[in-house]
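Just so it is clear, the values below take in all heavy atoms, side chains as well, and ignore hydrogens, waters and symmetry mates. Along the sequence shown, the residues carry numbers beginning at 1.
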Amino acid sequence: MTAGLFWPLVYCLRPDDWLELAAAEPVHPDLVASVVAHVTGRRVVETGAGGGRLSAALAGRARPLIAVEPVAGLVRRLRAQLPAPACVVAAISQQLPLRDGWADAAVACAAMSPDPPLGGERALSELERVVRPGGIVALVAPEAPEWFQARGYALTEYPPLACAAPRHIVDFFGPPDPPRRLLLKTMPA
């Protein structure tokens, strides 16, 4: 139980440490390029947008991008950082404030797992609910990828990236592990 609470507690209570870790763990550039290719010119919702490490790449290409983030400090940062027509909404993945089928794509970067509070059936159902038939759900670096594969997601793994992090971040979080796994699902028509 305690191990399952580590990431949500750090994310909510120590967002500056989370942001420093995210800066030390860039998303694999080929993975970003793949996601961008799927969302360019489309309506996109990103859940758990955090400090915007994926949002920044999506904002200039999605039309529009709705970045969903529950942590107030990160919401303020995203609102200051993302250009229009991106919109930042304070909400959680389990209750997305969008109508059924609104998005062409839903994306989550390091923000999904098989279990609450980070994810679970309800959060995954919400992502899928807001995507139109034929649209995609893209999960970047979810915990337990096999859980998502059992639900119809196709896994692509990119090679590990070498990166460095400040000593205090390594001491707290462990060695950097940049996001390099992408799970995609096309919603049935």
Side-chain angles (χ1 to χ4, degrees), residues 1-39 44-59 67-71 73-75 77-78 81-82 92-94 105-121 123-124 127 136-185:
M1 170 87 164
T2 303
L5 292 175
F6 176 78
W7 289 109
L9 287 173
V10 167
Y11 190 77
C12 291
L13 300 176
R14 296 183 66 165
D16 290 339
D17 288 337
W18 173 265
L19 292 171
E20 200 167 353
L21 174 66
E25 292 184 338
V27 179
H28 195 288
D30 294 339
L31 190 158
V32 172
S34 178
V35 172
V36 165
H38 282 91
V39 306
V44 178
V45 60
E46 180 189 11
T47 65
R53 72 175 150 176
L54 187 58
S55 309
L58 301 177
V68 177
E69 173 55 47
V71 177
L74 296 174
V75 167
R77 179 186 172 101
L78 285 167
Q81 170 186 332
L82 296 178
I92 60 173
S93 298
Q94 291 84 350
V107 179
C109 180
M112 286 295 288
S113 79
D115 303 304
L118 194 58
E121 290 286 352
L124 188 60
L127 286 179
I136 64 147
V137 177
L139 306 176
V140 176
E143 292 179 17
E146 63 281 354
W147 187 84
F148 297 96
Q149 287 177 286
R151 286 154 178 77
Y153 286 78
L155 172 65
T156 302
E157 288 194 62
Y158 297 88
L161 290 177
C163 61
R167 184 83 220 151
H168 69 280
I169 293 297
V170 173
D171 290 345
F172 190 73
F173 292 107
D177 184 19
R180 61 186 189 87
R181 290 179 185 87
L182 173 62
L183 287 105
L184 286 175
K185 181 177 182 178

Hey, does the side chain of Glu25 reach the backbone of Asp177 with a donor-acceptor pair shorter than 3.5 angstrom? yes
Nearest heavy atoms of Ser93 and Thr47, plus distance in Å: OG-CB, 3.3 Å
Is a donor on one side and an acceptor on the other found under 3.5 Å between the side chain of Glu69 and the backbone of Gly50? yes
What's the shortest heavy-atom distance between Leu31 and Pro179, and which atoms? CD1-O, 4.3 Å
Separation of Leu21 CG from Phe172 CZ (nearest 0.5 Å): 10.0 Å
Could you grab the distance from atom CD of Glu46 to atom CG of Leu58, nearest 0.5 Å is fine? 5.5 Å
Write down the atom of Arg77, the atom of Gly51, and the distance for their closest heavy-atom approach. NE-O, 3.7 Å
Return the CG to CG distance between Leu155 and Leu184, rounded to the nearest 0.5 Å. 9.5 Å
For Lys185 versus Gly152, what's the shortest heavy-atom pair and its separation? CG-O, 3.8 Å
Any salt bridge (charged side-chain N to carboxylate O under 4.0 Å, His left out) pairs touching residues 28-38, not counting sequence neighbours? none
Of the non-hydrogen atoms in Phe148 and Pro114, which two are nearest, and what is the gap between them? CZ-N, 4.2 Å
Hits for side-chain hydrogen bond (donor to acceptor under 3.5 Å, both in side chains) against Tyr158, two or more places apart or cross-chain, chain-then-number order -> none
Could you tell me whether the side chain of Leu161 reaches within less than 4.5 Å of the side chain of Pro29, counting heavy atoms only? yes
Can Leu127 and Leu139 be said to form a side-chain contact (heavy atoms from CB on, under 4.5 Å), step by step? CA-CA 10 Å; Leu127 286 179; Leu139 306 176; 3.8 Å; yes
Contact summary for Ser113 and Asp115, nearest pair of heavy atoms: OG-O, 2.8 Å
Passing candidate, side-chain contact (heavy atoms from CB on, under 4.5 Å) with His28, options Pro178, Pro159, Pro160, Ser34: Pro159
Could you check whether any side-chain N or O of Arg151 sits under 3.5 Å from a backbone N or O of Trp147, counting only pairs where one atom can act as donor and the other as acceptor? yes
side-chain contact (heavy atoms from CB on, under 4.5 Å) for Met112 and Leu124? Distances and angles first, verdict last. CA-CA 8 Å; Met112 286 295 288; Leu124 188 60; 4.1 Å; yes
Can you pull the salt bridge (charged side-chain N to carboxylate O under 4.0 Å, His left out) pairs that have at least one residue in residues 13-22, sequence neighbours excluded? Arg14-Asp17
